[in-house]
Amino acid sequence: MENKSPNNAHDSKKRKRVDGAQNPRSQVQSQSPLAVKKQKLLQSRQNLPIWSRQRDIRNRLREHDILVLSGETGSGKSTQLPQFLLAESWCTGKIAVTQPRRVAAISLARRVAEEMGSPLGSSSPASKVGYSVRFDDNTSPGTKIKYLTEGMLLQEMLRDGTLSQYSCVVVDEVHERSVDVDLLLGFLKQLLESGKRRKPLKIVVMSATADVESLSEFFSTPMTKPEVSGDTSNGTVHGDDEEFNGFSDSEQPTPVEKKQVSTCRVEGRQYPVKLHYLDNPTEDVVDAALQRILHLHCKEPMPGDILVFMTGQEIIQGLQKLVEELAGNLPSEYPRLLVLPLFAALPQAAQQRIFERAPPNTRKVILSTNIAETSVTVPGVRYVVDTGKAKIKQYRNRLGLESLLVKPISKSSADQRKGRAGREAAGQCFRLYTQQSYGELEKDTKPEILRCDLSNAVLKMKARGVEDVLSFPFLTPPNREAMEKALLQLLLLGTLNEDGKINDIGRKVARLPLTPTLGRIVLEAARPERDCLLEVIDIIACLSVENIFQPTDTEEAREKALEARSQLHRRQGDHLTLLAAVQAYASETSDRKRWATDHLISHRAMQNVMNVRKQLIAQCKPLSPNPTIRSTTDEATQENILKCFLKGYHSNNIARLCPDKTYKTFAGNQTVAIHPSSVLFGRKVEAVIYNEFVFTTKAYARGVSAIQLKWLEDVWGSS
DNA sequence: TGTGATCAG
């Protein structure tokens with residue numbers, strides 16, 4: 001039965017006829033539900049734009065190792081391309097397909113399993129399709145097609161430097177240009193040019209935009225100085241290495257010739273969207289959006305929901321009030337208007353409301369951040385209103401901190417937003433800016449690697465044996481200053497040696513699912529002198545998820561929160577307060593959700609904390625097989641916990657109280673105030689450490705704990 | 001006395 005499956009047929013000549021078999025009735029009667037479902041799906045697969053390109057794509061990959069495929073949403077590339085390749089003679093191993101987001105990896109795997117008539121993941125050893133995302137590895141030994149997040153493949157590359165179990169890596173959604181995708185592309189390019197693979201490795205790079213030239217140029221041009229060196233002796237957290245790790249041989253790399261890269265374009269499927277611009281620029285986009293929403297609602301026929309792109313939570317909630325007010329005053333002959341906000345911090349249940357059908361005679365208006373641009377598909381939308389702005393992360397080398405700024409979006413972002421109106425029928429897009437302003441927008445959004453703190457990326461490169469990170473093959477190289485800042489940071493953390501080589505600590509930190517700073521703190525906690533691993537992991541878990549404390553926007557809510565959380569507050573500061581919260585939650589055995597609600601703590605955030613905690617404890621097992629559980633009321637324990645943080649923050653995140661009663665940072669002697677959300681707010685202690693420095697109405701330190709200056713020598717004096 | 005686009009390990 002296995003061999004009858006068209007996608008497993010190893011006889012590619014017969015394949016076309018089997019796929020096209022139009023008389024499945026006799027098979028259907030005798031086949032399992034999975035096979036019936038597969039047969040039903042075949043027709044819709046055959047209608048996808050990419051279907052007719054199957055032969056072409058397979059031929060191209062027989063002749064070339066690299067294929068750059070551009071295709072818009074709806075072309076079917078993410079589901080069909082991996083299936084096309086399964087029967088190729090070079091495809092003896094697995095096919096990896098990377099995705100930027102977990103939900104995408106999971107839903108694609110589910111869909112492809114159905115199409116292939118295969119059980120999903122670990123449910124059966126016969127499963128051909130699986131997925132792997134953080135906290136959820138759903139694969140079986142027989143998995144041939146594996147959907148996984150970019151971060152998961154990066155982790156796999158640290159453990160198995162040549163990706164020996166794969167015959168093909170498909171990198172999807174490259175146009176989003178996450179830091180992880182940029183690293184992956186560089187690592188894959190190095191791997192291809194290293195000549196380290198025993199069997200061929202095929203690479204398919206897929207992008208929704210037509211930036212095919214830069215991608216094919218990237219892969220076809222050999223690196224001037226192939227980077228092959230590095231000390232990769234074992235220093236693992238897992239201790240399960242079998243394969244070599246990176247490019248550790250001292251032998252010279254094989255000389256590289258210019259690679260042949262094949263390129264291919266597939267049409268998407270999209271209904272037409274009519275564009276409208278403002279004649280004159282507006283000063284007040286909120287008002288312009290309000291007018292546009294009401295006008296659309298009163299003039300355009302039903303059905304047809306409206307999706308409005310805005311910058312952030314606050315402005316969305318403001319507009320929501322205005323629209324609801326005005327819509328309430330409309331004459332009764334108009335349909336009703338249901339306003340739904342959408343942003344990531346919104347509780348899950350509230351986010352779900354956008355998928356529910358509106359009551360009869362009601363039009364939905366969804367006011368969204370750019371979450372609706374890529375991460376969430378809102379159904380029923382025929383009208384898009386675009387303010388042309390978004391909050392964008394920026395990194396400032398000199399201050400060494402990331403901040404969010406409202407900035408104009410790029411052309412490709414604007415076009416993506418517009419496309420959201422044409423998913424189900426023809427639609428319209430109203431841009432709340434002029435056509436001239438559109439013309440002046442950047443073509444693409446600046447890749448994240450040019451806008452962020454690079455210490456994590458650089459550490460990963462070092463852990464893969466890349467010694468000269470300045471000549472790493474980046475699709476768009478970050479500037480030298482940002483790279484040097486990251487190297488310095490890693491050196492201060494003690495993850496690199498003076499000569500820039502990664503050390504044992506660095507290799508261990510690189511494998512933890514944390515920033516280098518937080519990873520370093522965890523390692524410190526495992527040292528026998530500190531011996532407070534479990535306690536520090538609880539705190540670190542909180543710092544690596546969203547805020548566990550429910551936001552308090554009114555005076556009343558603030559008082560209520562203060563009251564509800566009073567038993568959790570620790571006078572030493574926010575770190576020990578977080579620890580108290582996790583310990584209380586974890587020891588709650590009856591109803592954790594209720595406990596969270598009672599304490600005005602986000603249950604969803606706490607569930608994430610528990611997942612991260614479990615993962616970190618498992619990963620740290622080799623560091624400290626039997627960690628002691630400490631009494632957290634013991635002063636020595638408290639001191640040890642905070643000293644671990646001191647080790648990770650070194651001079652960056654410390655401030656001391658000056659005679660003028662203000663806190664000044666160690667590093668820059670800058671005045672910094674304790675944030676009102678801190679339990680230490682308003683208190684004066686000799687010195688503090690803090691998790692982050694933010695500049696809003698003034699310079700604030702958030703996540704603050706009291707320390708003693710005499711501790712510094714103990715922490716900095718030792719290695 | 002005040003904040004937060006989004007995603008990933």
Side-chain angles (χ1 to χ4, degrees), chain A residues 98-105 132-137 148-159 173 176-184 237 309-317 342-346 368-376 387 389-394 402-407 409 413 445 448 451-452 456-457 459-460 463 509-516 518-519 540-541 544-547 549-555 557-559 561-562 608 611-612 615-616 619 673-683 692 694-703:
Chain A
T98 70
Q99 291 296 320
R101 283 168 290 280
R102 290 183 212 160
V103 276
S132 174
V133 300
R134 190 179 190 184
F135 309 130
D136 191 3
D137 180 355
L148 74 181
T149 47
E150 292 155 357
M152 286 305 270
L153 190 63
L154 279 177
Q155 285 296 320
E156 287 192 14
M157 289 191 94
L158 291 185
R159 297 183 163 80
E173 311 281 14
E176 290 191 22
R177 295 297 302 276
S178 64
V179 174
D180 283 353
V181 105
D182 281 17
L183 282 177
L184 269 181
V237 172
F309 283 101
M310 313 199 61
T311 52
Q313 178 175 346
E314 201 178 0
I315 192 167
I316 284 173
Q317 287 167 334
L342 178 65
F343 44 86
L346 204 64
S368 174
T369 61
N370 47 9
I371 189 173
E373 207 176 296
T374 49
S375 307
V376 176
T387 60
K389 298 262 170 36
K391 283 191 182 172
I392 297 182
K393 181 170 68 186
Q394 272 209 324
E402 291 172 341
S403 48
L404 284 177
L405 297 174
V406 174
K407 298 190 96 180
I409 59 173
S413 213
T445 311
E448 195 187 1
R451 299 183 281 113
C452 73
N456 208 354
L459 186 62
K460 281 200 180 107
V509 170
R511 289 177 179 222
L512 290 171
L514 297 169
T515 62
L518 296 184
I540 294 285
S544 68
V545 307
E546 69 266 38
N547 194 355
F549 296 114
Q550 219 74 262
T552 51
D553 37 19
T554 64
E555 187 62 40
R558 263 192 291 282
E559 273 173 30
L562 208 62
N608 288 334
N611 279 330
V612 175
Q615 185 186 29
L616 290 177
Q619 285 190 321
I674 294 175
H675 196 272
S677 64
S678 171
V679 299
L680 282 189
F681 178 69
R683 296 246 317 273
E692 47 176 0
V694 288
F695 199 96
T696 53
T697 51
K698 57 178 174 174
Y700 281 110
R702 268 199 308 220

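Convention: sequence-line order gives letters A, B, ...; per-chain numbering from 1. Hydrogens, waters and symmetry mates are skipped; everything else that's a heavy atom, side chains included, is used. On a predicted model such as this, the values are computed, not experimentally measured, just so you know.
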What does [X] touch in the nucleic acid at a heavy-atom separation under 4.0 angstrom: a base, only the sugar-phosphate, or nothing?
| X | result |
| --- | --- |
| A:Ala344 | sugar-phosphate |
| A:Gln313 | sugar-phosphate |
| A:Val133 | sugar-phosphate |
| A:Leu404 | base |
| A:Ser403 | nothing |
| A:Thr374 | nothing |
| A:Arg134 | base |
| A:Leu514 | base |
| A:Ser178 | nothing |

Problem - Residue mapping more 5' on DNA chain B - nearest nucleotide basis, A:Gln155 or A:Arg702 - result: A:Arg702
Look up atom [atom1] in [X] and atom [atom2] in [Y], then write down how far apart they are to the nearest 0.5 Å.
| X | Y | atom1 | atom2 | value |
| --- | --- | --- | --- | --- |
| A:Asp182 | A:Arg177 | CG | CZ | 4.0 Å |
| A:Lys391 | A:Asn370 | NZ | CG | 10.5 Å |
| A:Lys393 | A:Cys452 | NZ | SG | 5.5 Å |

Practice task
Applying side chain to side chain contact (heavy atoms under 4.5 Å, CB included), run through A:Glu150 and A:Glu176 and close with a yes or a no.
Solution key: CA-CA 12 Å; A:Glu150 292 155 357; A:Glu176 290 191 22; over 6 Å; no
Exercise for the section: Using a cut-off of 6.0 Å, state whether more than 12 heavy atoms not belonging to A:Glu314 lie near its atom CD. Expected result: no
Problem - Range on DNA chain B touched by chain A - first to last nucleotide, heavy-atom distance under 4.0 Å - result: B:dT1 to B:dG9
Handout entry: Qualifying residues under side-chain contact (heavy atoms from CB on, under 4.5 Å), relative to A:Ile315, sequence neighbours excluded
Key = A:Val286, A:Met310, A:Thr311
